[in-house]
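These notes concern the structure reproduced below.
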Amino acid sequence: MMNCSPPSGSLLRMEHISKRFGATCALDDVDFDLRKGEVHALIGENGAGKSTLVKILSGAVAADQGSISLEGYSFKSSNPLASRKQGIAMIYQELNLAPHLSVEENIMLGREIQRLGFVKRKTMQEAVEKALELVHHPEIKSHIPVKKLSVGAKQIVEIARALVGKAKVLIMDEPTSSLTQEDTLRLFQVIRQLKNQGVSIIYISHFLEEVQKVADRFTVLRDGKKIHTGRMEEISVDDLIQMMVGQKFVEMFPRIDHEIGEVVLQLKGLKGKRMATKVDLALRRGEILGVAGLIGAGRTETLRTVFGLDSIEKGTIVVGTIETDKGAPWIRIGQSVGLLSEDRQEEGMALSLSVADNLTLSRFSPYKKWGLLRLKKRREAVEFRLKQAKIKAQDPEQPVFGLSGGNQQKVALARLLHQEADILLLDEPTRGIDVMSKSQIYEWMGKLVQQGKAIIFVSSYLPELLGVCDKIAVFHRGNLIDIRPVPDWDTQSIMTVATLGRIPNENQVENSDRQGKDER
Amino acid sequence: MKTRSKILIAKEKMKDKSRVQMLLNWLGPFLGLILVLIIFSSIPEVQDRFLRISNLKSVATQSVIVALGALGMTFVIISGGIDLSAASNIALASVITAFAINAGFSPVLALFFGVLTGGMVGMVNGALITSLRLVPFIVTLGMLGIARGVAKWIAGNQKIDAPLTWVNELMAKSPRPSWLLMAPGVWIMILFAVAMAVILRYSVFGRHVFAIGSNEATARLCGIRISRTKILVYTIAGLFCGLSGVMEFSRLTVGDPTVAVGLELDIIAAVVIGGGSLSGGAGSILGSMIGVFIMAFLRNGCTMMGWPNYIQEIIIGAIIVAAVALDQIRHRQAL
Amino acid sequence: MKTRSKILIAKEKMKDKSRVQMLLNWLGPFLGLILVLIIFSSIPEVQDRFLRISNLKSVATQSVIVALGALGMTFVIISGGIDLSAASNIALASVITAFAINAGFSPVLALFFGVLTGGMVGMVNGALITSLRLVPFIVTLGMLGIARGVAKWIAGNQKIDAPLTWVNELMAKSPRPSWLLMAPGVWIMILFAVAMAVILRYSVFGRHVFAIGSNEATARLCGIRISRTKILVYTIAGLFCGLSGVMEFSRLTVGDPTVAVGLELDIIAAVVIGGGSLSGGAGSILGSMIGVFIMAFLRNGCTMMGWPNYIQEIIIGAIIVAAVALDQIRHRQAL
Amino acid sequence: SGENKSPGADAESLLEIAVIPKGTTHEFWKSIHAGAQQAASETEVEILWKGPQKEDDRAQQITVVEDFISRGVDGIVLAPLDDRALMRPVRDALRERIPVVIIDSALQGEDFISFVATDNYQGGVLAGRRMGELLLGKGDIFMIRYQAGSASTTKREAGFLDTVKQEFPQINLLVQDQYAGSTTETAYQLAENLLNRFPAVEGIFCPNESSTFGTLRALQEARMAGKIVFIGFDSSPKLVQGLRDGHIQGLVLQDPVKMGYLGVRQMVSHLRGQPIEKKIDTGVYMVSKENMEDPQMRSLLIPELLK
Ligand SMILES: Nc1ncnc2c1ncn2[C@@H]1O[C@H](COP(=O)(O)OP(=O)(O)OP(=O)(O)O)[C@@H](O)[C@H]1O
Ligand SMILES: Nc1ncnc2c1ncn2[C@@H]1O[C@H](COP(=O)(O)OP(=O)(O)OP(=O)(O)O)[C@@H](O)[C@H]1O
Ligand SMILES: [Mg+2]
Ligand SMILES: [Mg+2]
């Protein structure tokens with residue numbers, strides 16, 4: 001498999017790559033090439049094999065077959081260290097940080113600057129601060145342990161880590177899944193800089209508009225097979241989707257008529273242990289309430305306090321008619337409230353348990369008989385749900401860690417549906433989910449509120465908030481600044497409120513309207 | 001035509017393979033135990049004696065105490081905890097039982113007190129762990145000392161002699177109604193093992209224990225009452241230690257506060273050999289029981305061989321590693 | 001004017017508070033130890049004797065063996081592992097040292113052999129854990145038996161009497177050059193504690209140990225050589241057990257294969273009391289040393305009080321839990 | 001540091017004597033404790049009774065001695081776990097002018113004032129003779145050992161072995177290097193496993209109380225008690241019962257009460273400036289079903305003080 005003279009401009013070449021996990025064929029004879037200084041997008045549905053392909057490159061997973069050549073030399077990546085030595089850096093889809101270590105230690109992990117085995121703290125600190133500066137987050141203190149950061153901040157740290165080393169090839173596997181639009185735009189600036197410096201970038205994302213803006217070429221994978229490689233300018237988003245799913249894509253935000261009823265959840269001056277200030281909020285039956293804000297704006301904290309994961313310091317919560325200043329998840333679940341966590345790895349999933357267990361964990365009652373579970377009945381129910389949610393899993397008894405990132409997220413969502421909650425608190429529910437499935441999720445949400453349920457929908461992706469919500473609340477540094485019906489918002493005004501914490505006056509909104517529309 | 005026959009052959013092969021695979025999978029957990037049995041059954045010196053019914057009965061009886069402890073410990077370890085106080089708790093329960101019989105309570109009541117004491121110690125463990133949010137290692141380490149100390153205190157640093165009652169028949173190798181074949185204690189152990197296996201696999205509680213051990217945050221998110229479940233887990237572990245203590249008393253006919261020192265390591269080892277993960281979320285009753293029997297047969301076989309103790313210690317150490325390594329390799333192949 | 005002075009006062013108070021806070025933070029890790037010291041210094045029966053220099057010297061000397069073991073164990077536990085073979089390893093090293101001196105080797109060489117043996121046992125642990133991908137609990141449990149067995153074998157099931165040499169002076173409470181003030185062993189312990197603390201905090205290796213314990217997958221993906229680092233960690237732990245064994249020999253003046261049974265729990269407990277997390281990623285040398293001294297002072301105080309052993313067991317158990325709970329509460333407040 | 005050492009200097013405060021056994025939970029040590037207490041109440045001194053926390057742990061016994069030196073007791077009565085390892089702490093005591101009486105087992109050197117003990121080897125010899133006589137000089141037997149490294153039981157085992165080998169050459173030792181371990185349960189399991197292997201054994205000797213009791217239980221369980229010659233060491237109520245039932249054919253007894261008593265008496269006499277003996281042998285006895293009702297044997301079997 002020697003490859004002595006590479007075709008002009010091709011920095012990296014992967015040929016006939018195949019990989020199986022048990023009975024799943026994750027990759028089937030895939031070819032891929034990357035040119036110097038280009039941004040190459042890798043797109044496909046959840047479970048198409050994107051992550052697996054790049055993990056083979058980074059040495060995290062070993063290919064069953066195929067060859068890789070880098071700069072014309074055959075290159076066998078047996079472990080992450082070897083790949084890194086070849087100048088391949090990667091941002092993993094699942095956050096890949098050591099929780100006990102500080103931001104600085106995490107960023108410099110494995111590439112410590114040392115003298116005689118001892119670390120040169122100062123030098124590294126500077127390097128880290130420079131990297132954080134580059135992604136415009138100097139406020140992330142380099143000495144605090146990573147476990148204290150929110151998911152968004154963690155993703156920033158992960159990006160900064162990929163930037164400190166001098167990489168030839170930079171792989172980004174859904175780097176923006178928890179980022180706000182602002183941060184995404186900054187990341188694109190950084191990507192352009194790197195490109196100009198001759199760094200080649202493999203970019204994986206389910207935000208196709210985003211991909212279109214940043215990538216030079218693209219490769220589409222479907223069910224582990226390569227479908228097409230082409231230039232980005234020559235293709236439209238619709239065609240891309242068609243290639244990904246093999247069918248025509250209809251409607252991103254299907255609108256389903258629903259009626260808004262009485263208040264079912266109300267926060268009265270609620271302040272939780274980790275919330276900055278008090279929040280007042282009301283959610284009505286049949287309503288989708290969107291929540292926008294920057295990283296660390298306090299959206300997640302608010303949901304956690306409502307759900308009883310964080311203790312309440314001041315104020316009360318009214319669920320239905322019951323007013324309380326205490327809470328615990330089991331009480332809320334008893335009140336038919338459900339939460340989808342933004343952090344599926346740490347909190348959302350029991351990764352070592354089976355898909356079936358994860359899906360039914362919050363409600364075993366349908367399968368209970370004399371205190372024992374009827375596993376067969378459960379299995380049937382779970383199989384039905386898996387099919388319904390189009391989750392790519394071999395078997396309901398398969399452990400969840402064997403699913404692709406997007407499919408794990410779908411399992412988490414499916415659990416919430418299975419729970420049959422009346423009030424759904426969704427924190428970044430579409431994180432890492434492909435376009436088709438997203439649209440399916442929006443449809444679900446519509447149907448749910450049609451049935452008289454209520455949803456709080458936290459997201460950093462403004463188009464989806466604007467697309468499906470009835471109202472949107474915007475947070476700024478822990479404060480709930482404003483709630484308005486969707487027609488009164490647009491991308492620009494939300495961003496202004498989220499960044500400045502002020503409500504812009506009317507004519508400003510109108511001015512920025514057109515600019516805002518084409519941001520993403 | 002050609003390709004089709006190829007596919008057929010391949011399918012046939014797959015079937016064959018899958019049969020062997022199935023057999024292996026079914027035998028899988030037993031591999032370590034089988035290894036130990038084969039080793040000793042093939043040594044001419046003991047082979048005829050080793051597999052005799054009466055020896056098997058001995059081993060079964062000897063295993064009861066560790067096995068009962070391991071039943072509860074399996075739950076604790078699956079939930080991501082550990083119970084270092086198990087052995088002390090066994091000693092305490094055995095002392096309490098003897099004390100109660102001596103004090104003139106009926107044997108049934110004494111048995112009940114013994115089991116209850118164990119359960120209470122376990123409940124205190126669970127309550128401290130959840131309310132003070134301390135790691136189980138520390139709480140149960142503290143309890144290890146406390147329970148042992150209390151046992152010695154109650155017993156006045158001595159063995160407590162108690163009159164013989166039917167409680168002492170529980171662990172008699174040749175039981176009274178001879179159709180029982182094995183000591184009643186062995187039957188009790190089997191009964192509870194089956195019951196706990198069912199609870200672990202099929203009950204909601206069992207699923208909750210797995211969920212807590214696999215990811216406590218997720219379990220909380222899904223509305224599982226962590227504290228309650230944990231306290232229950234430690235209480236169950238305690239109750240089994242109590243029962244084990246009663247069996248210990250039954251076997252020794254005295255309440256001995258110094259008995260079972262260091263046995264917690266044996267119990268934990270049995271669970272871990274049987275596939276329990278100290279970081280939680282994995283383990284099974286069948287596995288733990290196999291772990292118990294691997295250790296019991298090893299001890300039994302080595303003693304029968306008449307090897308010096310140090311050789312025994314070395315061999316047992318080596319085989320524990322080998323048995324688990326074997327299991328590991330099997331698992332890796334299965335993937 | 002008035003408001004201003006109010007503000008000033010408030011500011012002053014803030015400063016005060018932050019000073020108290022700082023003091024508390026600084027004292028923080030020592031709280032448990034201080035608690036124990038205060039308890040015994042306030043009991044009239046022993047108070048005058050308890051804080052005497054000569055008693056402190058005794059406690060220091062008594063702590064050396066556990067402390068050295070805990071130094072290595074801290075690394076192991078931070079890396080997410082455990083070393084159950086520590087105590088057996090100590091016994092083995094003490095036997096080897098005695099054996100070597102008996103065989104006519106020079107004391108320096110004997111000391112060297114003792115430490116090396118420990119290191120080799122540790123290396124084998126590390127190699128088995130990484131190459132067979134077994135959990136450390138099982139491998140070191142196996143090694144617990146193997147090392148103890150080998151020690152008894154070499155010693156012929158007896159203690160080994162060896163001629164007195166300067167090695168035996170290492171743990172003499174009243175050292176030969178009297179300006180040393182404390183036993184040379186104590187100084188060695190302090191020296192190594194400082195060295196290991198520096199390595200843990202400031203070396204690349206130390207960071208890697210934390211990273212592996214915190215998230216092994218991440219560490220691997222970041223290009224850390226897991227196997228090499230782990231083997232090194234267990235080897236270091238082994239070397240310290242070896243040194244601890246030499247100290248044990250020095251203290252006993254005989255090589256005793258049955259010494260230190262169950263000491264691994266003490267060593268692990270010291271690390272955990274000092275904030276080490278059995279799931280890895282947390283721990284410190286200072287903490288572990290404080291853990292060692294908490295236990296040593298507790299034992300010493302209880303013995304001086306002449307309390308019966310069972311009371312001592314109960315009290316030590318309770319105080320271990322209390323000390324860690326205190327630490328826990330402090331941490332929670334700090335958040 | 002010798003201010004309260006001189007007798008009579010402070011009439012108010014009682015003399016404080018530390019008595020340090022090898023362990024605290026065996027019946028044997030309870031009897032020593034009882035003897036020591038009797039002596040203490042007779043002479044009006046206070047005793048501090050404290051053994052190593054783990055039974056038979058040399059290092060911990062050293063720690064206990066050191067801690068009592070730190071406390072500044074007036075005298076130490078010590079049953080050393082090792083004839084060598086305890087030398088240094090005893091010398092440290094001497095340096096602090098704390099006198100030491102050694103009981104039960106020997107200590108090397110001359111740093112103590114008196115030695116009160118039984119001849120353990122002689123105990124083994126008695127057991128060997130009884131075994132030989134009852135078996136009429138031939139048969140297959142086990143000797144179950146107590147624990148590796150335990151000096152006193154090793155001596156008993158040696159006495160037994162030597163006697164059997166020299167005086168009864170036709171007796172065949174099937175097992176002689178299996179250790180019962182420190183608890184009854186471990187002894188029980190060992191004996192059970194051995195009996196499964198050698199069901200035709202004719203005699204068994206155990207060198208201490210816990211191994212004797214564990215083996216007795218195994219014999220009873222195997223329905224072999226009374227059918228073979230079983231000789232043990234030391235006494236406890238269950239063993240007395242075994243003797244009475246004919247399950248045990250002989251128990252070698254020491255006089256632990258006397259040992260504890262004399263140990264403390266010697267110490268007090270020394271502290272009060274009275275002359276003492278340098279070495280006292282408290283004797284070993286063979287008790288069997290025939291002589292167990294003799295008053296002397298009775299008092300050894302069931303020490304009054306325990307009641
Ligand atoms: N460790 C594993 N064990 C078993 N199966 C796996 C494993 N990792 C991936 N797979 C399977 O391989 C297939 C491809 O997964 P991969 O993670 O590459 O998808 P992806 O394209 O990155 O999807 P997503 O957009 O959801 O991240 C999936 O069907 C998944 O179930
Ligand atoms: N840059 C940062 N530096 C330090 N801590 C941060 C940072 N960003 C977030 N945090 C932590 O996150 C908490 C608030 O974040 P929260 O998760 O509620 O916000 P969010 O609006 O949901 O944002 P995200 O998109 O990150 O989830 C803060 O209390 C803070 O502890
Ligand atoms: Mg992926
Ligand atoms: Mg959030």
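The structure displayed is predicted, hence computed values, not measured ones. Values reported hereafter were calculated over all heavy atoms of this structure, with side chains retained and with hydrogens, waters and symmetry mates removed.
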Contact leader toward chain A among [options], where contacts are heavy-atom pairs under 4.5 Å:
options                                    : answer
Glu216(B), Arg207(B), Arg225(B)            : Arg225(B)
Ala282(B), Cys222(B), Gly223(B)            : Cys222(B)
Val198(B), Val204(B), Ile199(B), Ile224(B) : Val204(B)

task: Please check if the side chain of Thr218(B) supplies one atom and the backbone of Glu347(A) the other of a donor-acceptor pair under 3.5 Å.
output: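 At least one qualifying donor-acceptor pair exists.
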Donor-acceptor contact below 3.5 Å, side chain Asn215(B) vs main chain Glu346(A): yes
Name the region of [X], side chain, backbone, both or neither, that has any atom closer than 4.5 Å to a heavy atom of chain B.
X         : result
Leu375(A) : side chain
Arg20(A)  : neither
Leu373(A) : both
Leu372(A) : both
Leu351(A) : backbone

Please check if the number of heavy atoms outside [X] that lie under 6.0 Å from its [atom1] is greater than 12.
X         : atom1 : value
Phe205(B) : CZ    : yes
Lys368(A) : NZ    : no
Lys273(A) : NZ    : no

Which atom of Pro329(A) lies closest to which atom of Arg220(B), heavy atoms considered: CB-O, 3.0 Å
Rounded to the nearest 0.5 Å, what separates atom [atom1] in [X] from atom [atom2] in [Y]?
X         : Y         : atom1 : atom2 : value
Tyr202(B) : Lys369(A) : OH    : NZ    : 14.5 Å
Ser214(B) : Phe401(A) : OG    : CZ    : 10.0 Å
Asp357(A) : His208(B) : CG    : NE2   : 10.0 Å

Non-hydrogen side-chain atoms of Arg415(A) and Leu221(B) separated by less than 4.5 Å: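 They are in contact (side-chain heavy atoms under 4.5 Å apart), so the answer is yes.
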